[in-house]
**Q** 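The structure under discussion is supplied below as structure tokens; questions concerning it will follow.
This one's a predicted model, so the numbers in the text were calculated from it and none came from an experiment.
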Number of protein chains: 2
Amino acid sequence: METVQLSLSKGFAVITPRCLYRNDFSEFREQLEALPHKLCAFGAGETLWMPGEYIERVYYIERGIIKTALHDEDGTKKTIYFHGPNSVFPGCHQSQFTIELSLVTTAVTPVTALEFNIEQMQRLLQRSPDFSQAMLESYARYINLLIFESAHQSHHRALVKLCNLLYLLARDAAPDKSGLQRIAFSQEELAEILLLNRVSVARLLAQLREEGAIDTRRGAITIIDEDRLLSHCSLEVR
Amino acid sequence: METVQLSLSKGFAVITPRCLYRNDFSEFREQLEALPHKLCAFGAGETLWMPGEYIERVYYIERGIIKTALHDEDGTKKTIYFHGPNSVFPGCHQSQFTIELSLVTTAVTPVTALEFNIEQMQRLLQRSPDFSQAMLESYARYINLLIFESAHQSHHRALVKLCNLLYLLARDAAPDKSGLQRIAFSQEELAEILLLNRVSVARLLAQLREEGAIDTRRGAITIIDEDRLLSHCSLEVR
């Protein structure tokens, strides 16, 4: 797991917000495979969660990345989070919320997944306290990310928001051969996470490139100088 | 419970976002009372969760209202949610998040509560699938509220945001003797939920009063004409 963990004197491992969820359910893979399920494959751009759907199917992502966005009545799309390998999406609870009608989940890359129905997942939650605990922890992570988004990101300047996001994504990214952290998200995807327009994102990325904080060649953003990037971030992510 | 539930043809009860959590744990009151605990009382304005604290104590609120706000490094306070009678605050999970260092919870009214340590709560989660399920549902509600906040509220105009909030708070409020829904939050409290300044909130409330949507006498906001209020709301709360 690439989670950022800061060890505190109190002995806690403290976790910064994550936009990309993965490996949180690795240890339950065998238990899940033993449940009745369907193997699924989705091409990039295909929809896993359709607009207007309630939670009826739950996925264990084996390979690939999916993204979940909220589509507003005015046409705005706001990406909320990404799920990668060994994550369970969207989770498993009984209440159905109106907001779920506006959520759309699509494959960013080709995806393979195990598909379960929610009743089977709920039975597993009932009989496995450890699985139940893992689900609660993953919900706590969503809450952590969303509180960060809602309270901090909303009133920061665009540059601070973008630098916060790049820093979080870089910490979630596996380093490439040269040890650099590559962020494989497009400018459009970054814009949809931050509710900025693409022109603003391109302008801010150009500024960061000129400062020597990042490189933007070969279809990915690479962090060149983490300290310089961090100097623009808000305190809560450092 | 005053939760708004819309029955759909599919048989689901669909829940709109709530800012005020209460009665979600009423059925566990006896089980919780049987655990070792401490009785606590807090005066209005007193702090239940101090800045810089991690989750070590969990409360079952018996009476009163508490509010949780995120205090940003730049001095901004953003109220996230309120907890009332028969709710469990802040919840119970194992991960500790950096964001928790910026959260501050204070009593809005005089509060009485049962205080538990987190280890005892975690043992109850392990042995009671129903309690665990209720905790998961309450986390799902937080996520629901926060997705609503993060994605919808962030780009709405101030009037839409305020009307959305008044509508949600009114649905959570018990009607008064004349059957009207009274919202007992101050203009300052509303401003801190919406990250608006007080002058803007006062101006928007004056507009709604002139339109006949609300009344603002006797230290509370009363919804007079719900349809008129709703006409300003965004679709996802209607």
Side-chain angles (χ1 to χ4, degrees), chain A residues 4 6 8 10 12-17 54 69-74 76-80 91-103 122 125-130 132-133 135-137 139-156 195 234-237, chain B residues 4 6 8 10 12-17 54 69-70 72-74 76-80 91-103 122 125-130 132-133 135-137 139-156 195 234-238:
Chain A
V4 190
L6 311 167
L8 291 192
K10 281 182 120 175
F12 290 130
V14 181
I15 298 166
T16 55
Y54 289 101
L70 216 148
H71 290 210
D72 200 3
E73 65 208 65
D74 67 4
T76 316
K77 292 180 198 174
K78 160 81 179 135
T79 301
I80 303 173
C92 186
H93 54 262
Q94 290 174 325
S95 313
Q96 301 280 353
F97 299 102
T98 48
I99 209 94
E100 288 161 0
L101 295 174
S102 317
L103 292 173
Q122 258 156 2
L125 284 177
Q126 286 277 324
R127 72 169 190 264
S128 165
D130 290 344
S132 190
Q133 182 74 46
M135 192 65 77
L136 200 57
E137 296 304 314
Y139 279 37
R141 280 174 201 275
Y142 290 147
I143 294 167
N144 174 248
L145 172 70
L146 290 164
I147 289 181
F148 171 75
E149 267 285 317
S150 164
H152 285 281
Q153 289 289 69
S154 59
H155 70 284
H156 282 312
L195 276 183
S234 56
L235 283 176
E236 73 273 7
V237 305
Chain B
V4 189
L6 311 167
L8 292 191
K10 282 181 122 177
F12 290 130
V14 181
I15 298 166
T16 55
Y54 289 101
L70 215 147
D72 200 3
E73 64 209 63
D74 67 4
T76 317
K77 292 181 198 174
K78 160 81 179 136
T79 301
I80 303 174
C92 186
H93 54 262
Q94 290 175 324
S95 313
Q96 301 281 352
F97 299 101
T98 49
I99 209 95
E100 288 161 0
L101 296 173
S102 316
L103 292 173
Q122 259 157 1
L125 283 178
Q126 286 277 323
R127 73 168 190 265
S128 164
D130 289 345
S132 190
Q133 181 74 48
M135 193 64 79
L136 199 57
E137 297 303 316
Y139 280 36
R141 280 173 201 275
Y142 290 147
I143 294 167
N144 174 247
L145 172 70
L146 289 163
I147 289 181
F148 171 75
E149 267 285 316
S150 165
H152 285 281
Q153 288 290 68
S154 59
H155 70 283
H156 282 312
L195 277 181
S234 56
L235 283 176
E236 73 272 7
V237 304
R238 293 189 218 171

**Q** Is it the side chain or the backbone of B:Gln133 that comes within 4.5 Å of chain A heavy atoms, both, or neither?
**A** side chain
**Q** Among B:Ala140, B:Cys92, B:Pro129, which residue forms the greatest number of heavy-atom pairs with chain A at distances under 4.5 Å?
**A** B:Ala140
**Q** Please give me the minimum heavy-atom distance between A:Ser95 and B:Glu137, naming the atom from each residue.
**A** OG-OE1, 2.6 Å
**Q** Say you draw a straight line from CG of B:Leu103 to CD1 of A:Ile147; how long is it, rounded to the nearest 0.5 Å?
**A** 5.0 Å
**Q** Would you compute the distance between atom NE2 of A:His93 and atom CD1 of B:Ile143 and round it to the nearest 0.5 angstrom?
**A** 7.0 Å
**Q** Pick whichever of B:Met135, B:Gln126, B:Arg127 has the most heavy-atom pairs under 4.5 Å with chain A.
**A** B:Gln126
